[in-house]
Protein chains: 2
Amino acid sequence: MSRKKPSVDRVFHALGDPSRRAIVEKLSEGPMSVSRLAEPLNITLAAVVQHLQVLEESGLVQTEKVGRVRTCRIEPAGLAVVEQWVGDRRSMWERRLDHLGDLLAEPDESD
Amino acid sequence: MSRKKPSVDRVFHALGDPSRRAIVEKLSEGPMSVSRLAEPLNITLAAVVQHLQVLEESGLVQTEKVGRVRTCRIEPAGLAVVEQWVGDRRSMWERRLDHLGDLLAEPDESD
DNA sequence: AAATTACTTAAGTATCCACTTGACAATCTC
DNA sequence: GAGATTGTCAAGTGGATACTTAAGTAATTT
């Protein structure tokens with residue numbers, strides 16, 4: 001119900017904020033509650049909740065409320081989006097270097 | 001002279017902006033001039049220059065001016081920072097899953 | 001059932017930041 | 001050297017957004 005498709009845009013925007021990255025870092029230690037996440041950060045609980053909203057909409061984090069405590073966990077699919085984007089850039093960059101040799105060897109090749 | 005240490009903070013902040021990501025995407029096709037980079041984006045040249053400043057300070061892009069044209073190229077070290085950060089999260093996450101089995105097998109272990 | 005815990009929501013504020021305009025500088029072309 | 005090209009710099013503006021406070025809800029504890 002609350003799971004959004006992790007778009008490159010949303011994921012990178014979410015990770016652009018240091019507090020949000022800190023949350024993801026903490027969550028990679030394991031699932032934990034909102035107040036537990038808030039402890040090391042010196043911002044209010046309310047602020048953390050807002051960050052969690054962004055993180056959840058980006059698909060980086062998944063949360064579930066049982067009783068009065070909301071438990072947050074990392075959602076690997078979100079990080080996968082980042083890895084793929086970076087990987088795509090890198091592979092284009094490497095492909096270019098490969099073809100560089102071709103161009104120098106055969107300057108007049110029709111594709 | 002203009003090369004900064006690519007910090008996680010700067011790199012993620014830089015990639016948080018869609019225009020800047022578009023620039024990096026374009027640059028992975030190969031080095032090109034500022035005005036050439038500006039073409040597909042519908043923002044002014046001045047804006048592109050500002051984005052390039054951020055990208056260069058983050059270590060994602062390297063530029064060099066010869067004559068009146070500044071040529072921009074991708075700097076792989078910047079992307080490497082992202083890859084490592086994501087990799088670190090992922091490995092922590094995986095390590096946790098490994099130890100999960102241990103905890104279930106030996107519930108009474110002193111740290 | 002009163003108090004405590006663990007959030008949630010709304011509204012306001014202040015800072016940041018992407019972008020523009022406009023004036024300028026350097027280089028190249030004719 | 002006149003004009004065009006390519007980029008640079010400074011200052012300003014508008015909108016996004018990270019954060020706070022304050023009030024409220026729901027679950028647990030005593």
Side-chain angles (χ1 to χ4, degrees), chain A residues 1-4 7-27 30-73, chain B residues 1-4 7-27 30-74 78:
Chain A
M1 207 65 175
S2 67
R3 215 171 310 191
K4 293 242 173 152
S7 75
V8 178
D9 218 42
R10 265 198 275 261
V11 170
F12 272 101
H13 170 248
L15 292 177
D17 181 79
S19 302
R20 259 165 347 230
R21 255 187 347 267
I23 289 176
V24 172
E25 285 170 6
K26 204 91 202 348
L27 278 183
M32 58 187 77
S33 71
V34 178
S35 44
R36 182 102 178 284
L37 270 176
E39 271 172 21
L41 277 36
N42 35 356
I43 53 180
T44 58
L45 227 186
V48 175
V49 170
Q50 287 164 13
H51 282 310
L52 280 171
Q53 248 159 45
V54 174
L55 284 168
E56 193 163 12
E57 282 171 10
S58 78
L60 279 162
V61 162
Q62 219 214 309
T63 78
E64 182 195 10
K65 189 160 188 178
V66 37
R68 66 182 165 178
V69 43
R70 173 172 302 275
T71 304
C72 313
R73 69 190 72 250
Chain B
M1 208 67 176
S2 67
R3 214 171 308 190
K4 295 243 173 152
S7 75
V8 178
D9 217 42
R10 265 198 275 262
V11 171
F12 272 102
H13 170 248
L15 291 178
D17 181 79
S19 301
R20 260 164 345 229
R21 261 193 337 273
I23 289 176
V24 172
E25 286 170 6
K26 204 89 205 337
L27 278 183
M32 60 187 75
S33 71
V34 178
S35 46
R36 181 102 177 284
L37 270 175
E39 272 173 19
L41 277 36
N42 36 355
I43 55 180
T44 60
L45 225 187
V48 174
V49 170
Q50 285 165 13
H51 283 311
L52 281 171
Q53 247 158 47
V54 174
L55 285 168
E56 193 162 12
E57 281 170 11
S58 78
L60 279 162
V61 161
Q62 220 215 308
T63 78
E64 183 195 10
K65 189 160 186 176
V66 37
R68 64 182 167 178
V69 42
R70 175 174 299 276
T71 304
C72 314
R73 69 190 72 250
I74 231 176

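Only this structure's heavy atoms are used, side chains among them; waters, hydrogens and symmetry mates stay out. Just so it is clear, the model here is predicted, and its values are computed rather than measured.
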Legend entry - Results of side chain to side chain contact (heavy atoms under 4.5 Å, CB included) for A/Ala47 - residues two or more places apart only: A/Ile43, A/Thr44
Legend entry - Distance, rounded to the nearest Å, where B/Glu57 contributes CD and C/dC17 contributes C1': 14 Å
Inset, instruction - State, yes or no, whether a side-chain contact exists between B/Leu37 and B/Leu52 at a heavy-atom distance under 4.5 Å. - result: yes
Inset, instruction - Ignoring backbone atoms, establish whether B/Ser35 has a side-chain N or O less than 4.0 Å from OP1 or OP2 of D/dT5. - result: no
Legend entry - Residue pairs passing the salt bridge (charged side-chain N to carboxylate O under 4.0 Å, His left out) test where at least one lies in residues 12-27 of chain B, sequence neighbours excluded: A/Asp9-B/Arg21, B/Lys26-B/Glu29
Inset, instruction - Take the protein atom CZ of A/Arg70 and the nucleotide atom C1' of C/dT5, then report the distance between them rounded to whole Å. - result: 16 Å
Using the 3.5 Å cut-off, write out each protein N or O paired with an N or O of nucleotides 2-4 of chain D and the distance between them.
none

Inset, instruction - Kindly indicate whether the side chain of B/Leu15, heavy atoms from C-beta on, has any atom under 4.5 Å from the side chain of A/Leu15. - result: no
Legend entry - Side-chain heavy atoms of A/Leu27 within contact of A/Leu60, under 4.5 Å: no
Legend entry - Rounded distance in Å - CE (A/Met32) to P (C/dA6): 15 Å
Legend entry - Distance in angstrom units between B/Arg36 CZ and D/dT5 P, rounded: 17 Å
Inset, instruction - State the OG1-CD distance between B/Thr63 and B/Gln53, to the nearest 0.5 angstrom. - result: 9.5 Å
Legend entry - Whole-Å distance separating the NZ atom of A/Lys65 from the P atom of D/dT25: 13 Å
Output one line per pair: protein atom, nucleotide atom from nucleotides 12-20 of chain D, and distance, for all N/O pairs under 3.5 Å.
{"from": "D/dT17", "atom 1": "OP1", "to": "A/His13", "atom 2": "NE2", "distance (Å)": "3.4"}
{"from": "D/dA18", "atom 1": "OP2", "to": "A/Arg20", "atom 2": "NH1", "distance (Å)": "2.6"}
{"from": "D/dA18", "atom 1": "OP2", "to": "A/Arg20", "atom 2": "NH2", "distance (Å)": "3.2"}
{"from": "D/dC19", "atom 1": "OP1", "to": "A/Ser19", "atom 2": "OG", "distance (Å)": "3.4"}
{"from": "D/dC19", "atom 1": "OP2", "to": "A/His51", "atom 2": "NE2", "distance (Å)": "2.4"}
{"from": "D/dC19", "atom 1": "N4", "to": "A/Gln50", "atom 2": "OE1", "distance (Å)": "3.3"}
{"from": "D/dT20", "atom 1": "OP2", "to": "A/Thr44", "atom 2": "N", "distance (Å)": "2.8"}
{"from": "D/dT20", "atom 1": "OP2", "to": "A/Thr44", "atom 2": "OG1", "distance (Å)": "2.9"}
{"from": "D/dT20", "atom 1": "O4", "to": "A/Gln50", "atom 2": "NE2", "distance (Å)": "3.1"}

Legend entry - With A/Arg36 via side chain to side chain contact (heavy atoms under 4.5 Å, CB included) - residues at least two apart: A/Met32, A/Ser33
Inset, instruction - Answer with yes or no whether the side chains of A/Thr71 and A/Glu64 bring together a donor and an acceptor at under 3.5 Å. - result: no
Inset, instruction - Measure the distance from CZ on B/Arg21 to C1' on C/dA18 and round it to the nearest whole Å. - result: 14 Å
Legend entry - Whole angstrom value for the distance that separates P of C/dA6 from CD of A/Glu39: 10 Å
Inset, instruction - Nearest 0.5 Å please: distance from the SG atom of B/Cys72 over to the NE2 atom of B/His51. - result: 13.0 Å
